[in-house]
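Everything numeric in this text was worked out from a predicted model, so none of it was measured. Every chain is numbered from 1 and lettered A, B, ... according to where its sequence line falls, protein lines coming before strand lines.
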2 protein chains.
Amino acid sequence: MKESTFKVDCSYCPIKHRAVCARCEPDELEILNEIKYYKPVAAGETVALSGERVDYVASVVSGVASLSKSLEDGRTQMVGLVLPSDFIGRPGRETIAHDVTAVTDLTLCCFHRKPFDKILEELPHVRERLLEMMFDEMDAARDWMLLLGRKTAREKIASFLVLMVNRSTLPKELFIAPVRVDLPISRDAIANFLGLTIETVSRQLTALRKDGIISLEGNREVIIPDFQALKDEAGLSD
Amino acid sequence: MKESTFKVDCSYCPIKHRAVCARCEPDELEILNEIKYYKPVAAGETVALSGERVDYVASVVSGVASLSKSLEDGRTQMVGLVLPSDFIGRPGRETIAHDVTAVTDLTLCCFHRKPFDKILEELPHVRERLLEMMFDEMDAARDWMLLLGRKTAREKIASFLVLMVNRSTLPKELFIAPVRVDLPISRDAIANFLGLTIETVSRQLTALRKDGIISLEGNREVIIPDFQALKDEAGLSD
DNA sequence: GACGCGCATTGATTTACATCAAGGAAATGA
DNA sequence: TCATTTCCTTGATGTAAATCAATGCGCGTC
């Protein structure tokens, strides 16, 4: 099966200010451009499986992907939510230790792994930016550990909504109530993200609704009349 | 209060093969050496607090430290266990987002932060190694998220013991049963690490003992007659 | 329009772990 | 030596979330 892949010019790239290439000079972009190709992935499709060989690393240009790990009996935990500009893959290693799945339709800006490893040695701006992104990801992971280990179901849901708002809304928009967010993932995926069951997610969402903290429009849209009230429910620290 | 700090020659450094400086050439070590100082920290002391300014980054030469985050009401989650050769701090940023505490007496090999940031730009081997260490830490964090979100108390305890064995025992020694481990942290710290209470930790340890998976000698030493049996209890994947 | 299918909600019940409450054992110190 | 403290274990009880089990709702298909 031939994969449909193609190349695109960087100048109109929507993630050029945040992705791993954000700090690059034009000549550096030119070098990256030579090992790059775009790759669409349909919602629901597997991008890579744990332990599997992957011969590229990539930036997410558009769409949402999830990183997850499972126990043999099927219990699954999402260990990362990958949004546009985020980086997928591990340079210098052929395999990854988690599954990567397209949650929505996805556009990846892929770099062949071996030449990318070489570029990492040669282009300081790529390496610098990647290191910074890893530190940010590590901080987010630590916040998530606090959530998974110590927060109640209600706090988990509230934290999740706060995260969704922060990642999809400009800071200044937060002052214009009500805030609206479109949830990018299903109840089931939220449950896997928060270390809960789908039933608990559903119950806590309706509980927050009954308490007037949020209101729901359809299954995917959440309206938040008072963002501070929601943050208070989240136990702070995100 | 004057801090007691001092400098030490790198050639006998016990962590020189794994720390952030592991890939350095002699001339690079020389440069690092100029901004470095040793710093002892007593068990129980705080190394740094969340949000606080820290003017150094450091490698742990000996001892164990913990990274933790708390909610306002006191619930605490350990988000990292820092062992010898591990790196503490965030280059390029003045503050960190978690508390760092000395679990045992600690020896830190500190680098003044600002010159270290500069060195990171200039010495590719440091940057390279740091990036690799961050990826490893990220993988470990993801394993931990799976544990926190989806494992039972018994699996958590077993996973913790497996981790302790893997970090303190050479692979080939695992074939010589029984394996012995010294737990570096108290029950209370284990509870904070695993997202449990101290009582549950205690109960699960005695349950594993009664089932013949482990035996306990004093409060800190664990003997594992059959390491594979313990791994089976851990739900695999560590 | 009726059927099936995939998601989400809601209710009843169970259970794993937390919380509350006592004690025991080893370390520290007068 | 006996307090005192610190750390750990064990037991009784409570509870938050899981599990089990219907039911509802939108949506595409025949």
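- Summarising the geometry of G89(B) relative to F135(A), their closest heavy-atom pair is O-CE2, 3.7 Å, with the distance given to 0.1 Å.
- Put simply, CG on L208(B) is 15 Å from C1' on dT9(D), counting in whole angstrom units.
- Considering only side-chain atoms of R187(A), the nucleotide from dT9(D), dC17(C), dT9(C) that sits closest is dT9(C).
- Distance CD (E221(B)) to C1' (dA26(C)): 16 Å, rounded to an integer number of Å.
- Minimum heavy-atom separation, Q77(B) to M145(A): CG-O, 3.6 Å.
- Distance, I198(A) CD1 to dC7(C) C1': 7 Å, rounded to whole Å.
- For the pair R180(A)/E217(A), a side-chain contact is recorded, criterion being any heavy-atom separation below 4.5 Å from C-beta on.
- Atom pair L194(B):CG and dC17(C):P shows a separation of 12 Å (rounding to whole Å applied).
- Contact between the side-chain N/O atoms of R203(A) and the OP1/OP2 oxygens of dA17(D) is not found at any separation under 4.0 Å.
- Considering only side-chain N and O atoms, T197(B) lies under 4.0 angstrom from the phosphate OP1 or OP2 of dA18(C).
- A heavy-atom distance below 4.5 Å is not found between the side chains of L148(B) and W144(A).
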Just do the salt bridge (Lys or Arg N to Asp or Glu O under 4.0 Å) check on D136(B) and R18(B) with the steps written out, would you?
CA-CA 12 Å; D136(B) 285 342; R18(B) 303 201 62 222; over 6 Å; no
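- Distance R220(B) CZ to dC7(D) P: 9 Å, rounded to the nearest Å.
- The CD-P distance, from E217(B) to dT9(D), rounds to 14 Å in whole Å.
- Of the listed nucleotides (dC8(D), dA17(D), dC17(C)), dA17(D) has the atom at the smallest distance from the side chain of A153(A).
- Nearer the 5' end of DNA chain C, as judged by each residue's closest nucleotide, is the contact made by R209(A), out of R150(A) and R209(A).
- For dA16(C), neither phosphate oxygen OP1 nor OP2 lies less than 4.0 angstrom from any side-chain nitrogen or oxygen of T200(B).
- In this structure, of dT9(C), dC8(D), dT10(D), it is dC8(D) that holds the atom nearest to the side chain of N219(B).
- When distances are taken from the side chain of E199(B) to each of dT19(C), dC17(C), dA17(D), the shortest belongs to dT19(C).
- When distances are taken from the side chain of S186(B) to each of dT10(C), dC17(C), dC8(D), the shortest belongs to dC8(D).
- Nucleic acid contact for L205(B): none, since no nucleic acid atom lies under 4.0 Å from a heavy atom of the residue.
- Taking atom CG of residue L216(B) and atom C1' of nucleotide dA25(C), one finds them 14 Å apart after rounding to whole Å.
- Note: CG (D73(B)) to C1' (dT19(C)) measures 14 Å, nearest angstrom.
- No hydrogens or angles were tested; on distance alone, nothing pairs the side chain of Q204(B) with the base of dC17(C) as donor and acceptor under 3.5 Å.
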